[in-house]
Amino acid sequence: HGTIPIRVAREVVSHLSFGIYKNFARAVRELISNAYDAGATQVKIGLDLRSEPAKVIVRDDGRGMNKEDMQDRLFRIGTVTPPTDEVDKETGRRRIGQFGIGFLSTFPYCDLLTLASKRRGEDTIVEVNVETSRFFKGGTFDITEQEVAYEEYRSDLPTEKGETLVTLNGIKP
């Protein structure tokens with residue numbers, strides 16, 4: 001148990017406030033793009049709009065993340081990765097993400113984001129719950145350096161498998 005800080009580059013916040021991701025479909029597409037960049041060959045999207053609260057689940061079989069990956073890449077919002085012509089050795093694909101803000105794209109559309117990930121080659125799952133209302137208020141991002149709790153537990157997936165599961169709970173109308 002512990003916490004992982006969420007940090008955002010200051011210049012990104014104002015950019016985000018103008019609404020890069022103006023609709024829910026684009027936000028979900030961003031999760032799929034993240035899976036693509038993580039080497040996923042399968043992405044499954046589940047919609048449970050009848051349960052209370054309604055939820056959307058995006059699951060991929062990419063490389064997955066450990067606590068350090070979450071801390072250094074996912075929760076370090078606004079880290080720009082310059083475009084490159086390099087091809088991923090494992091997948092033969094070029095990376096499509098570059099601005100480091102895609103993870104925030106879902107915050108306006110749900111009340112709670114749960115992320116559980118197992119990095120390929122490791123045997124633990126890291127899970128975080130992000131109360132998105134802490135970061136998106138009144139139609140704009142209000143982000144300061146904060147921390148979110150995480151939990152690590154043993155995975156029953158084979159060590160050579162990676163997986164990430166993002167659940168958007170409390171989908172807003």
Side-chain angles (χ1 to χ4, degrees), residues 1-8 24 27-79 81 86-107 109-135 143 145-171:
H1 297 304
T3 61
I4 300 173
I6 294 181
R7 299 175 299 178
V8 180
F24 183 68
V28 172
R29 181 184 72 184
E30 189 59 38
L31 295 176
I32 296 166
S33 294
N34 288 351
Y36 177 91
D37 282 348
T41 58
Q42 287 188 353
V43 177
K44 296 180 180 179
I45 301 172
L47 304 171
D48 185 355
L49 302 176
R50 293 183 187 186
S51 71
E52 195 55 47
K55 63 180 84 173
V56 174
I57 302 164
V58 179
R59 183 181 212 146
D60 74 68
D61 66 349
R63 290 181 199 91
M65 294 174 280
N66 60 21
K67 183 180 96 88
E68 289 75 24
D69 294 330
M70 288 182 189
Q71 183 171 331
D72 297 339
R73 293 195 322 245
L74 186 68
F75 292 136
R76 188 179 160 107
I77 313 285
T79 302
T81 306
E86 289 182 33
V87 174
D88 183 283
K89 295 173 187 166
E90 185 181 323
T91 63
R93 303 188 296 218
R94 288 189 174 92
R95 179 180 34 79
I96 55 178
Q98 58 183 325
F99 298 116
I101 55 175
F103 178 66
L104 292 178
S105 67
T106 58
F107 285 25
Y109 304 106
C110 65
D111 295 323
L112 175 70
L113 182 144
T114 300
L115 181 132
S117 191
K118 179 201 165 294
R119 184 177 174 150
R120 201 175 289 155
E122 298 181 9
D123 64 356
T124 57
I125 294 172
V126 179
E127 183 174 318
V128 296
N129 290 293
V130 179
E131 294 175 37
T132 57
S133 62
R134 287 173 50 193
F135 306 99
I143 299 172
E145 188 164 324
Q146 296 191 34
E147 295 187 352
V148 293
Y150 75 92
E151 187 173 341
E152 287 184 285
Y153 47 92
R154 194 159 187 83
S155 173
D156 59 357
L157 286 174
T159 304
E160 68 274 4
K161 299 280 185 183
E163 181 174 70
T164 298
L165 180 71
V166 178
T167 305
L168 309 175
N169 295 287
I171 300 300

Quick one: which of D123, I125, T124 gives a side-chain contact (heavy atoms from CB on, under 4.5 Å) with S155?
I125

Exercise: do D61 and T41 side chains pair donor with acceptor under 3.5 Å
yes

Out of curiosity, T167 OG1 to E127 CD, how far, rounded to the nearest 0.5 Å?
8.5 Å

Return the CE to CG distance between M65 and D72, rounded to the nearest 0.5 Å.
12.0 Å

Counting distance only, does the side-chain N/O of R63 pair as donor-acceptor with the main-chain N or O of D37 below 3.5 Å?
yes

Is a donor on one side and an acceptor on the other found under 3.5 Å between the side chain of T132 and the backbone of D111?
yes

Validation row: I45, I32 side chains within 4.5 angstrom (heavy atoms):
yes

Measuring from T106:OG1 to L115:CG, what's the distance to the nearest 0.5 Å?
9.5 Å

Specify the closest pair of heavy atoms between A35 and V43, including all atoms of both residues, with the distance to one decimal.
CB-CG2, 3.6 Å

If you count heavy atoms of other groups shown closer than 6.0 angstrom to CD of E131, is the number above 12?
no

With the side chain counted from C-beta on, respond yes when Y109 and V56 share a heavy-atom pair under 4.5 Å apart, and no when they do not.
no

Reported CZ-to-NZ distance for the pair R154 and K118, which is rounded to 0.5 angstrom:
10.5 Å

Tell me whether R59 contacts the main-chain N or O of L165 through its side chain, where contact means a donor paired with an acceptor under 3.5 Å.
no

CG of L47 to NZ of K55: how many Å apart, nearest 0.5 Å?
12.0 Å

Candidate pair L74 and D69, rule side chain to side chain contact (heavy atoms under 4.5 Å, CB included), full reasoning
CA-CA 7 Å; L74 186 68; D69 294 330; over 6 Å; no

Is it true that E30 and S105 share a donor-acceptor pair across their side chains at a distance under 3.5 Å?
no

Can a donor-acceptor pair be found between the side chains of N129 and T114 at a distance below 3.5 Å?
yes

Between NZ on residue K67 and OH on residue Y150, distance to nearest 0.5 Å:
4.0 Å

Heavy-atom pair with the smallest gap, counting every atom of P5 and E147
CA-CG, 3.8 Å

